[in-house]
Each structure stands twice: as C-alpha cells, then as structure tokens.
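Below is one structure, written out as structure tokens; comments come after it.
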Amino acid sequence: QVQLVESGGGLVQAGGSLRLSCAASGRAISNYGMGWFRQAPGKEREFVAAISWKGSSTYYRNSVKGRFTISRDNAKHTVYLQMNSLKPEDTAVYYCAGELTNLLRTSADEYDYWGQGTQVTVSS
C-alpha cells in the first residue's frame, strides 16, 4: 500500500504561483497513474490533472489548461502540480491520488490511494 502526503499549499494573491508536491512512501509510485483533485467548501471533489506512469501523458480539466502543469519524478517518489496565474476560483483543498490502470482517470471513485490534502487559498 502506498501512503501519499501533499505539501506546498498556502495563501497567494490572484495571478501568483504555487507548486504542490505529493510525496509517496510504502511502495514505489512508478506503477501508479497519479492525479490531482480539489474540493472547495460546499462543493464536490473535482478532477484537476492526471499523469501516466512514466509521465509521458497528461490530462487536465479545461479550466486549468495552460495554467497548471502536472509532473512526476519517480526516482524521488514525488508528483508535482505547478500552478500559475492562480485565480480566486482555484481556492480549495488539493488532494493527490494514485491508481493502477495508467488510464488518466478523471473520476475520484477510480483512485485507490489518497493523501490528506493541502489548502490553497487565492485572494483577489
């Protein structure tokens, strides 16, 4: 079983940047498709981005395309989410997740392992 721990969240002004990290332990993540999700207060958890086992394929929700970049370093057992040009509507708790199919899943139900989340707050 793999354990995931997110970090890098915080408070940033609109237009700013943050880089989230997701560190894995317990098992190598090189065989896991990885994703980032977010959940704002009163809203359902939503897909943000996904990356394949080796990082050769990525997929994003439309609202973050061109602003967010998902990447991974399997040697460091870490997945990243670089977030640029942040907007107040990006405010949420961000979660990383892992799954075994390598099919760039976009539904939270299709992920097997989850971190505890990190808060991102974007002020206007």
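Atom CD of residue Q1 and atom OG of residue S25 lie 10.0 Å apart, to the nearest 0.5 angstrom. Between E46 atom CD and S107 atom OG the span is 12.5 Å, to the nearest 0.5 Å. How far NZ of K87 is from OG of S63: 7.5 Å, rounded to the nearest 0.5 Å. Distance check, rounded to the nearest 0.5 Å: CZ of R61 to NZ of K65 gives 10.5 Å. In this structure, OG on S123 lies 5.0 Å from CD on Q13, to the nearest 0.5 angstrom. Between the CD atom in Q119 and the CZ atom in R38 there is a gap of 12.0 Å [rounded to 0.5 Å].
F37 and Y59 end up in the same hydrophobic cluster when Ile, Leu, Val, Met, Phe, Trp and Tyr side chains are linked at under 4.5 Å.
The local environment of NZ in K76 is sparse, with at most 12 non-hydrogen atoms from other residues, nucleotides or ligands closer than 6.0 Å.
The shortest heavy-atom contact between S124 and P88 is CB-CG, 3.8 Å. Contact between E99 and L104 at its shortest, heavy atoms only, is OE2-N, 4.2 Å. Closest non-hydrogen pair, T78 versus S21, comes out as CG2-CB, 4.2 Å. Residues T101 and R105 share a closest heavy-atom pair of OG1-NE, 3.1 Å. Taking all atoms of both residues into account, the shortest heavy-atom contact from G33 to Y111 is O-CE2, 4.2 Å.
Remark: side-chain polar atoms of T118 are paired, donor with acceptor, to backbone N or O of G9 under 3.5 angstrom. Side-chain N or O atoms of S52 include one that pairs as donor or acceptor with a backbone N or O of S57 at under 3.5 Å. Counting only distance, with no hydrogens or angles, the side chain of N74 and the backbone of W53 share a donor-acceptor pair below 3.5 Å. Looking at E6, its side chain does come within 3.5 Å of a backbone N or O of C96 through a donor-acceptor pair.
Annotation for L20: hydrophobic cluster partners, listed by chain and number, are V2, L4, V12, L18, I29, Y32, M34, W36, V48, I51, Y60, V64, F68, I70, V79, L81, M83, L86, Y94, L100, Y113, V120, V122 (ILVMFWY side-chain heavy atoms under 4.5 Å, direct or chained).
A cation-pi arrangement is found for R45 relative to Y95, the charged atom lying closer than 6.0 Å to the ring centre and inside a 45° cone about the ring normal.
Judged purely by distance below 3.5 Å, without hydrogens or angles, the side chains of N84 and S17 pair a donor atom with an acceptor atom.
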